[in-house]
Amino acid sequence: MGLTLTEKILKAHLVDGEFVKGTEIGIRIDQTLTQDATGTMAYLEFEAMGVPRVKTERSVAYIDHNTLQSGFENADDHRFIGSVAKKHGIYFSRPGNGICHQVHLERFGIPGKTLIGSDSHTPTGGGIGMIAIGAGGLDVAVAMGGGAYYITYPKVVKVELTGKLSPWVAAKDVILEVLRRLSVKGGVGKVIEYCGEGVKTLSVPERATITNMGAELGATTSIFPSDEITKEFLKAQKREDVWTELSADADAVYDEVIEINLSELVPLAACPHSPDNIKSAEELSGMKIDQVCIGSCTNSSLLDMLKVAHILKGKTVHPDVSLSIAPGSKQVLTMLAENGALADLIAAGARILESACGPCIGMGQSPNSKGVSLRTFNRNFEGRSGTKDGQIYLVSPETAAISALTGVFTDPRTIGDMPEFKLPETFLINDNMVELPADEKDMDKVEILRGPNIKPFPETAPLVDSIDCACSLKVGDNITTDHIMPAGAKILPLRSNIPAISQHCFTVCDESFPSRAKTLGQSIIVGGSNYGQGSSREHAALAPLYLGVKAVIVKSFARIHRANLINAGILPLTFKNEADYDLVSQGDNLVIENVRKSVEEGKTELTLIDKTSGKEIPVLCELSGRTKDIVLAGGLLDYTREQLDK
Ligand code: MIC
Ligand code: SF4
């Protein structure tokens, strides 16, 4: 029986476990990436492990999220990360060099390699045939130290692409269509593998848009084959030597198959407040808009920017619209400057932002009250833009650009003929904003620059004998990490200070949660399905840890967040019967007797006693040997220390 591409790469990297779907496997990690908003914690954790030099083939630290320096905190964190990188053997992409995923694709990604990154959009690397997975900072720290990365051996979904995109229909519309069909939880436990004749019609940046936003499906990752088009891209990046041809076997067996005829797709949009709330651009056309933001790791490639520049050339942004554009990398921005397209963007009235995440993570450009904002980004969760009642629509660069001119939602197919947009034969290569690490012999000379905002990892403790505490919060379905640990320009500078950032935990849902949880001392959170979807930020587990949360009981979890809870030593439990969610109320006294003993014995079903209502509720505790030991130890750091002591 033939293998899928996913299975081929995973098999070549398998170091622990067996190839049985649904079981936990450990894989060797070739490359890691971090960004600054998760990076400080990841490097504090790496330091705590005491490994002198990274053991990966390539590890890169990027500065791209916390770039608005309205106080000393972000600048201090940048210097801290730069100094840790220099000392411990990590390449350092300086602020200004671009968004981690865009730069990694351009300069470091290699087909067939494994990459984990402390950012959920790491699957962008799947655009050149990598198994690239988003993970918590601690998992990345362990991988940098040479440890395996653990995932559930995934199901593989084949997306068979046929046909060719019509003019002004974009790669963004492909992934929005996949989201429409599968929903934001449809990818959990799965890798999405793109195959078929239609693959050949998509360039690497287009493929990367699709794999990037596979994160919104909750998928472990997404991947395209590595073919002649991949080779051309790498050749244009002067990296042809790293290319290898990779594809699934012709007789590979998939768990699910989805067919998409690219020729039949139309421009789409994800409507507020979920990436799977899809309508066609045609249906929305005519709606008045206030803002357009073009950029983010999903849609900031040179190809995207050239299309936007073509649409804007010689025109003026509508007087009622604010248009901002952030090209994804220094390479993209420089090439736009050199070929004149940047002048077209500026002349049309675009507000050019630095090559960074910017508005995507609420680092500026929050829309006006109730403002309708069209964005080429990947997430439109409520409040993420920084404006609580902002109405965010996710669209292609083409739809965004034309709408910026008309002032209303506009289907780009109304523009007229589309010229052929081609990638250059060679990109402009200048890696001068990537700092190389110090030689191993000189590493002791490198001083670590630690600012006063950098506080240690929160205190952990082994799993308690019995849990007896209140339900401090009950929330509904599809809670995102942006609900649990909001981002934005005001809160992000606290990413390296868990006591301070914890004061914002869950405030989107309930302003009084942090003080209530702290007063209770210990508590349990109850949630609905797909709890913790979205980002990889381990702060969404570390803040609850700091606030005394002992267990989270939900209908179902998103992958990365569940792993982060385990890494933080918080017990992740699910209701055996989803309907039992209704039996628990916020404030109830909840008890799990002898929880430690039960976990030690590997019991998969525990009894939750709701002392307030008198109900006994069965909950599932699905931990493997390794994750069980992590929770018992009080989290991954303690577990890793225990292993090193042994
Ligand atoms: C995001 O897009 O939500 C982020 C900000 O990039 C996060 C990481 C973080 O919270 O620092 C992600 O996607 O993992
Ligand atoms: Fe940055 Fe937005 Fe991409 Fe996250 S999704 S890495 S915030 S550009």
Side-chain angles (χ1 to χ4, degrees), residues 33-42 61-68 74 77 81 93 95 98-105 116-125 132-137 139-140 175 208-209 211-216 218 221 275 293-301 304 324-329 332 353-365 375-381 383-386 392 394 480-489 491-496 501 504 532-543 558-561 563-564:
L33 72 78
T34 57
Q35 39 89 340
D36 47 334
T38 53
T40 28
M41 248 16 245
Y62 293 90
I63 306 294
D64 54 359
H65 280 63
N66 291 354
T67 50
L68 212 65
N74 292 344
D77 285 357
I81 293 173
S93 173
I99 307 175
C100 54
H101 309 302
Q102 175 67 24
V103 178
H104 207 85
L105 193 75
I116 65 166
S118 60
D119 191 282
S120 65
H121 290 103
T122 303
T124 314
I133 308 179
D139 284 317
V140 176
I175 186 64
T209 293
T211 58
N212 170 289
M213 231 180 134
E216 274 52 69
T221 190
C293 298
I294 297 176
S296 92
C297 57
T298 320
N299 276 117
S300 60
S301 68
D304 287 329
S324 66
I325 302 181
S329 67
V332 173
L353 306 178
E354 70 174 307
S355 294
C357 301
C360 180
I361 191 55
M363 271 279 160
Q365 309 303 120
R375 301 178 162 209
T376 66
F377 307 167
N378 45 39
R379 290 190 172 138
N380 58 348
F381 304 143
R384 181 175 159 103
S385 67
I392 313 299
L394 306 175
T480 73
T481 54
D482 281 287
H483 292 102
I484 306 173
M485 197 61 262
I491 302 176
L492 278 167
L494 305 174
R495 282 290 180 93
S496 41
I501 205 168
H504 301 275
Q533 69 161 322
S535 90
S536 70
R537 63 189 71 148
E538 58 189 343
H539 303 75
L542 297 181
R559 179 186 67 88
I560 309 178
H561 184 61
N564 284 339

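Remember, it's 1-based here, ligands and their atoms both numbered in the order they're listed.
- Using a 4.0 Å cut-off to heavy atoms of S536, the atoms of ligand 1 that qualify are 12 (C), 14 (O).
- Atoms of ligand 2 lying under 4.0 Å from any heavy atom of N378, numbered from 1 in the order shown and given with element: 5 (S).
- The main-chain N or O of D119 is found under 3.5 Å from a side-chain atom of T122 such that the two form a donor-acceptor pair.
- At a cut-off of 2.8 Å, C357 coordinates atom 1 (Fe) of ligand 2 through an N, O or S atom.
- A side chain to side chain contact (heavy atoms under 4.5 Å, CB included) with N66 holds for exactly one of I361, T40, L492; it is L492.
- Distances between N or O atoms of S118 and those of ligand 1 include no value under 3.5 Å.
- Of the protein's heavy atoms, Q35 NE2, 3.1 Å lies nearest to atom 8 (C) of ligand 1.
- Counting backbone and side-chain atoms alike, C297 contributes an N/O/S atom closer than 2.8 Å to atom 3 (Fe) of ligand 2.
- Close approach of ligand 2 to I361 is summarised as follows: ligand atoms under 4.0 Å from at least one heavy atom of the residue are 7 (S).
- Between the side chains of N378 and T298, at least one donor N or O sits under 3.5 Å from an acceptor N or O.
- Looking only at atom types and distance, the side chain of S536 has no donor-acceptor partner in the side chain of S120 under 3.5 Å away.
- A donor-acceptor pair under 3.5 Å links the side-chain atoms of N380 to the main chain of I392, judged by distance alone.
- Using a 4.0 Å cut-off between heavy atoms, D119 contacts ligand 2 through its side chain alone, with no backbone atom that close.
- Close N/O approach between D482 and ligand 1 is not found [any backbone or side-chain N/O within under 3.5 Å].
- For H65, a nitrogen or oxygen atom sits less than 3.5 Å from a nitrogen or oxygen atom of ligand 1, counting backbone and side chain alike.
- Here is the list of ligand 1 atoms found below 4.0 Å of a heavy atom in T38: 9 (C), 11 (O).
- The shortest contact between atom 2 (O) of ligand 1 and any protein heavy atom is with R384 NH2, 2.9 Å.
- The single protein non-hydrogen atom nearest to atom 12 (C) of ligand 1 is S535 CB, 3.1 Å, given as residue, atom name and distance.
- Checked by atom type, the side-chain pair H101/N212 shows no donor-acceptor distance below 3.5 Å.
- Neither the backbone nor the side chain of Q35 has any atom closer than 4.0 Å to an atom of ligand 2 (non-hydrogen atoms only).
- The shortest contact between atom 11 (O) of ligand 1 and any protein heavy atom is with R495 NH1, 2.8 Å.
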Is there a side-chain contact (heavy atoms from CB on, under 4.5 Å) between R537 and D482 once you walk through the steps? CA-CA 9 Å; R537 63 189 71 148; D482 281 287; 3.0 Å; yes

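- For T298, no heavy-atom contact with ligand 2 is shorter than 4.0 Å.
- S535 and T481 share a donor-acceptor pair across their side chains, judged by distance under 3.5 Å alone.
- Closest protein heavy atom to atom 2 (Fe) of ligand 2: C360 SG, 2.3 Å.
- With respect to atom 13 (O) of ligand 1, the closest heavy atom belonging to the protein is S120 OG, 2.6 Å.
- Every atom of ligand 2 is numbered from 1 in the order shown, and the set under 4.0 Å from a heavy atom of H65 is 1 (Fe), 4 (Fe), 6 (S), 7 (S).
- In this structure, atom 10 (O) of ligand 1 lies nearest to the protein heavy atom R537 NE, 2.6 Å.
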